[in-house]
Amino acid sequence: MKGLKIVSTGRALPAKVVTNDDMSKLVETSDEWITTRTGIRTRHFCEGETQAALAEQAARRALEQGKVEPKDLCACIVATVTPDHSAPTSACLLQQRLGLPEDIPCFDMNVGCTGFIYALQVARGFLLQSGRPYALVIGAESLSRITDFTDRGTCVLFGDGAGAVVVTLEEGGIYACTLGARGDAEAILIEGPGPERPYIHMDGQKVFRFAVEAVPHCIHVLLEETGLSLEDIDWFVPHQANKRIIDHVAKKLKVPNEKFYQNMMRYGNTSAASIPIALDEMAEQGLLKKGQKILCVGFGAGLTWGGALLEW
Ligand code: COA
């Protein structure tokens, strides 16, 4: 079986950093409440930057770092719930801005916060069919555009950013993926385009209960499929929605907390961008070593969930 390998990574964050104290000037909240309930301390908000510009910056970094030429790409997929336009998609804008070949698929995928994992698996499908060696997978969000800054239950949670990876197939490498969905418009609802600005609505407790069930489920499915055990996994890279969700899962699985990478304190929940941003930070810090087994797991609007186990 041909495994999926991450060749290189990149990330982009808007310049503006917003602290919990800044949020407390907008709604009745406090640094103490946000930190203890979510782990989030700061987040970045776009101020002039577009979602496509963030996606472009992250993608350029990943391509440069991997020394990958656009002509060697077989697909460009952007996972997002906040594209700048319904059309052209962000992936089509990247085709233009990065000078990607015209004979490859370029499209956006909306799978909520699970988008990056779904996009990895779709990219693998294109790689298996294509003569070209690489695919570009990006998660990019400008969630501040759809945040209701009068709703303290949601506005403190989200942030903007983008992460990108270049992937290729690897003979013999470990790879497994699990994806799932359960339609539910009450847990998380992002309004469609209309005369009013679309907002995110969420039943926080329902989402919390869903997340602490979905993450261990994905992990168990991937371990069963590969015959690996929890101890064999070097890093768990979960969607960075909330520290309490991740801590709860680590405790439930009896896995040392340090094996679950966390950066939501700096960025908040960046939806489809959170896992590739985390991977880029980890790579930059030298945390990821060749041959290590990395288990990425996402969950979010849809409801959707998904996990990917791969070797670094
Ligand atoms: N600051 C201060 N108080 C707040 C607040 C804020 N930012 N947001 C909500 N509250 C208040 C509520 O109004 C409520 O007050 P009340 O008791 O007077 O009615 C109280 O805090 C408890 O609200 P509740 O919604 O029960 O809090 P919670 O402990 O469930 O925490 C979340 C709220 C959102 C942090 C939590 O439910 C959560 O993390 N859910 C998962 C969300 C998530 O990760 N979503 C993305 C998935 S991709």
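Ligands are counted one by one from 1 in listed order, and the atoms in each one are counted from 1 as well.
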Legend entry - Heavy atom of H239, distance to ligand 1 below 4.0 Å: yes
Legend entry - Nearest non-hydrogen protein atom, atom 33 (C) of ligand 1: W33 CH2, 3.9 Å
Inset, instruction - State, with a plain yes or no, whether a side-chain heavy atom of L295 is found less than 4.5 Å away from one of L222. - result: yes
Inset, instruction - Closest by any non-hydrogen atom to atom 27 (O) of ligand 1: pick that one out of R209, K243, M202, R37. - result: R37
Inset, instruction - Return yes when at least one protein heavy atom is under 4.0 Å from atom 18 (O) of ligand 1, and no when none is. - result: no
Legend entry - Residue V156 vicinity, atoms of ligand 1 by number, heavy atom under 4.0 Å: 7 (N)
Legend entry - Shortest protein contact, atom 13 (O) of ligand 1 (heavy atom only): R152 NH2, 2.9 Å
Legend entry - I188-ligand 1 polar pair, N/O distance under 3.5 Å: no
Legend entry - Residue pair E281 / Y261, side-chain donor-acceptor N/O under 3.5 Å: yes
Inset, instruction - Flag the pair F149 / F45 as yes when their ring centroid distance falls below 6.0 Å, and as no otherwise. - result: yes
Legend entry - Q51 and T80 side chains, donor-acceptor separation under 3.5 Å: yes
Legend entry - Identity of the nearest option to atom 24 (P) of ligand 1, non-hydrogen atoms only, from Q240, E32, Q205: Q205
Inset, instruction - Classify the contact between T154 and ligand 1 as side chain, backbone, both or neither, using a heavy-atom distance cut-off of under 4.0 Å. - result: neither
Legend entry - Side-chain H-bond candidate by donor/acceptor type, D148 with T150, under 3.5 Å: yes
